[in-house]
Amino acid sequence: MPARILIVEDETLVAMELGLILEDLGHQVAGIVSDSRSALEKAGAETVDLAIVDVHLADGPTGPEIGRRLAAQGVSVLFMTGNPSMIGPVPSTIVGVMSKPTDERLIGNAVAYALACREGRDVSPPAQLRLLN
Amino acid sequence: MPDTRLNDIHMLSTPWTEAERLDALYSYQVLDTLPERSFDGLVEVAARACDTKVALVSLLDSHRQWFKAAQGLDVRETPRDISFCTHAVEDDADLVVPDATLDPRFADNPLVTGPPHIRFYAGTLLRTAEGLPLGTLCVIDDQPRPGGLTEEQTRTLSILAEQVMVGLELRRALSSRSSLVAGAAESEGEHNVRDLELARIAGALAESEARFRAISDSMPQMVWSTLPDGFHDYYNARWYEFTGVPEGSTDGEAWNGMFHPEDQDRAWERWRHSLSTGEPYEIEYRLRHRSGVYRWTLGRALPIRDADGRIIRWFGTCTDIEDLKRHEAEREVVSQELSHRIKNIFAVVSALITLSSRKHPEAGEFAAALKTRIQALARAHAFVRPHTAAADPSSDHTTLHAFLREMLAAYVSVDSGSLVVEGDDAVFDDQAATPIALLFHELATNAAKYGALSSPDGRITIRLSSDDDRFRLDWIERGGPEIVRVPESSGFGFTLARVAIEGQLGGHLEQTWAREGLSMSVELPVAALQRRRHAVCIREP
C-alpha cells in the first residue's frame, strides 16, 4: 500500500535523500517542509498518512510540537533525532524515533511498521526503532 | 669550632656553662613559636621608653639569636656570630654600645656596615631564677647615642626584662601544668601561679577567638557555627553582607527562613540527619541574597569533636555557586548545539553520497560502503559525545561493552545470541571511538557478507581483557562458512581500520584465518582508550 508521506526536515539534502528513499519504497512524498507553519499548512491542504519529523527545524526545536499537532489531526508520526529525551510525552499515533543519519533499511522497516500500526495490523517493530508508546 | 671557643671562655669567666644555659633555654620550649601579644606589648613599650626604632626579645640559641618579639625589624632571627646579644650573654652582663662604628667589636659587623645600620645598642639580660642568661631585651637605633640610656630608661628596660621572664615562666608553667592531673595538692604559692595561668589561658583564648574571627571574616565564603544541638550562634561578616539581615537575626533556627521555600524541607532534613549521625553536611540550595534574588549556594559543615569523640560544635560554610551553575547550564546548551550540528553534518554527508551516486548505478556499491562507514562514525559520535545529567541521565560513563553492543546492533541482533560481548569492561572517550567504530564496522560488514553473520548458525564472540597497561580485544567468528583459503589481500576498509588502530591508538592488530572462522586480536595501550580523561586526571591533584 503506497502511502502519502510528509517530510519535515530543514536540511535540504537530508530531506531530498529521504524523499528518494521513500519513492524507491513505492510511497509518495506529500511535501518537504522545514518549519512548523509550513508543516501544518501542508498537512491541512494535502492528504497525509505519515509524517517523518526532525526535532530541530528552521524555526527551532519545534519538531515535538509539530508531531503532537499532526498526530491530533490523525497523521502517524515518526521522529528522526539522536536525542529522544527532547521529545517528551506523546499521543499514541506517534510511533517512534529513528536516529540520524538512518540507513535505508531502517527507514523502510520503520515506515512499514508505522503504516501497519495505522491499519491496526499486529506486527513487531524493527529492532532499531525506539518506540514511544 | 665557635662553640668550643665560647665554652672555653664561659668556663673561665662565667659561673655557668653554655650547655647549662642552653638546657635552661630549651626548657621554656619557646623557640620558633608564634608571636604572642604579651611579648609584643613589652617590646613596644621598650622602644617607646628608650625612643628607639627597634626593640627585641632576643633568645640566644647555639648558632643563632631568635626573636620572640620584634618591633621595627622584619627578620625573626640572625646568625649568632654577628649578634650583639652574644656579647652581653658571654660577658654575663648588660651591654650598652653608644656608637657601634667606634667600637672595635662591632665596627665591621654586617649589621653595622649594612642594614639595619646599627649604631646604638642597649641590651638587658633575660635571666632565669637560677641566674642563667637566655638572651636580652634590647633596644637598637640607627643613630649613635653618645650619652647611652638615661637612668630612667635603664630602669624601665630592666623592669620590662623581668616581665619578659615572668611571661616565659608562665608559658613554661602552663605547658607543664596542662600535663598534670587536676586536683593535685596545691600550696598557696602554686595557687597564685594557677590564678595567673588561668588569666593567661583566658587571654590566650580571647586572642585565638579574635584570630578566628579575623580569618573567618576575611574568607570569601559565608562561615557559621552551631552548638552540638544545631543552634546557630555565629555567622561571619560575609553572611550578613550576602543576606543583608540584621546581626543576630538568624541565630537559632531562623537561618532556614533564608532558604528558598522549595529547598527548606530538604535542607532541614539533611541537617537533622547530620546532627543525629554526625555525618558531614553537604547540600545545594537557593539562598536569599540581600537584593531579594535567590542564588544557588553550596552548604557544607563538619563536626568538631573533643578527645572523647563527642561533638562540641559544628562549623559550616556557604559558597555562592550561582555563576558556576549558570556557566554549567550555558556550557550544556553550547555542547548540545554542537553535538546536534555534528550529527547533522554526518546526515548531510550521508545524503550527499546517496544523491551523488544515484545517477551512477556503477558507483552504487562504492557509495553504499562509504555511506555505512559514515553512519558507523555518526553512531560512534552520538555515543561518546559529552553526556550531561540533563541530556542523558542514564549514562555516566562510556564503556566499551555498551559501545560495542550499540555499534553492532546495526548489523546483528544482540539479543539473538549470535553476538556475545564478554570480559573486562573499560571506560573510553571519543578519541578512541573513531578507530574502534571503523574497525568493528568493517569486521561486522565482512562477517555479514562472507563470515559468521552470513549463516543462521554463525556467532561472534568479542572478548575483552586487560592487564596493567595493555587492553586486548578478541573478535572470534564461528559457525560461518568454512574458510578454505586465506584472502590474498584485505579490503580497503580493513586497511583503513588497521591504520587507525595502529597509527592513531598505537595498538597492534593480528588476523588469523582458521578453517572454522576468522579470529582477530587487537592489543592497545590502556591509556589510548581514554587519552582525554587521562590528561584530565594528570591535571587534577
Side-chain angles (χ1 to χ4, degrees), chain A residues 7-25 29 32 34 52-64 78-88 96-110 113 124-131, chain B residues 333 335-337 339-359 364 367-385 387-395 405-416 419 441 445 448:
Chain A
I7 298 172
V8 188
E9 164 68 65
D10 68 329
E11 206 64 73
T12 313
L13 288 173
V14 175
M16 279 174 66
E17 181 197 20
L18 188 55
L20 289 171
I21 293 171
L22 292 173
E23 280 170 6
D24 284 354
L25 291 168
V29 176
I32 294 179
S34 63
I52 298 181
V53 183
D54 187 15
V55 167
H56 289 269
L57 295 165
D59 53 349
T62 52
L78 277 172
F79 285 114
M80 263 208 319
T81 175
N83 193 355
S85 62
M86 292 282 296
I87 290 168
V97 183
M98 296 181 282
S99 65
K100 241 177 115 177
T102 49
D103 61 76
E104 296 180 27
R105 199 161 43 100
L106 174 59
I107 292 172
N109 291 342
Y113 172 71
S124 56
Q128 276 178 277
L129 184 71
R130 287 204 210 200
L131 299 179
Chain B
V333 169
S335 144
Q336 288 220 22
E337 177 63 22
S339 178
H340 166 67
R341 286 194 191 175
I342 292 170
K343 258 181 288 175
N344 240 11
I345 287 171
F346 280 124
V348 170
V349 169
S350 170
L352 204 54
I353 296 167
T354 313
L355 296 172
S356 308
S357 64
R358 232 171 152 85
K359 295 276 166 53
L370 184 53
K371 231 183 111 166
T372 55
R373 272 178 206 135
I374 301 276
Q375 282 166 356
L377 292 185
R379 276 195 299 278
H381 165 76
F383 193 77
V384 295
R385 82 195 151 79
H387 289 289
T388 54
D392 189 354
S394 63
S395 70
R405 285 209 181 87
E406 178 137 333
M407 284 290 304
L408 295 170
Y411 314 94
V412 54
S413 168
V414 183
D415 301 326
S416 70
L419 176 74
H441 166 72
T445 309

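Note on naming: letters A, B, ... go to the chains in the order of the sequence lines (proteins, then strands), and numbering restarts at 1 for each one.
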>> Between A/Glu17 and B/Lys371, does the side-chain contact (heavy atoms from CB on, under 4.5 Å) criterion hold? Intermediate values first, please.
In response: CA-CA 12 Å; A/Glu17 181 197 20; B/Lys371 231 183 111 166; 2.5 Å; yes
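Note that CZ of B/Arg341 and NE2 of A/His56 are 10.5 Å apart. Values are rounded to the nearest 0.5 Å. For the atom pair CG (B/Asn344) and CG (A/Asp54), the distance works out to 6.5 Å, reported to the nearest 0.5 Å. Here the CG-CD distance, from A/Leu106 to B/Gln375, works out to 9.5 Å after rounding to the nearest 0.5 Å. Here B/Thr372 contributes atom OG1 and A/Glu104 contributes atom CD; the two are 11.0 Å apart, rounded to the nearest 0.5 Å.
Listed here is the closest heavy atom pair of B/Leu352 and A/Leu13: CD1-CD1, 3.6 Å.
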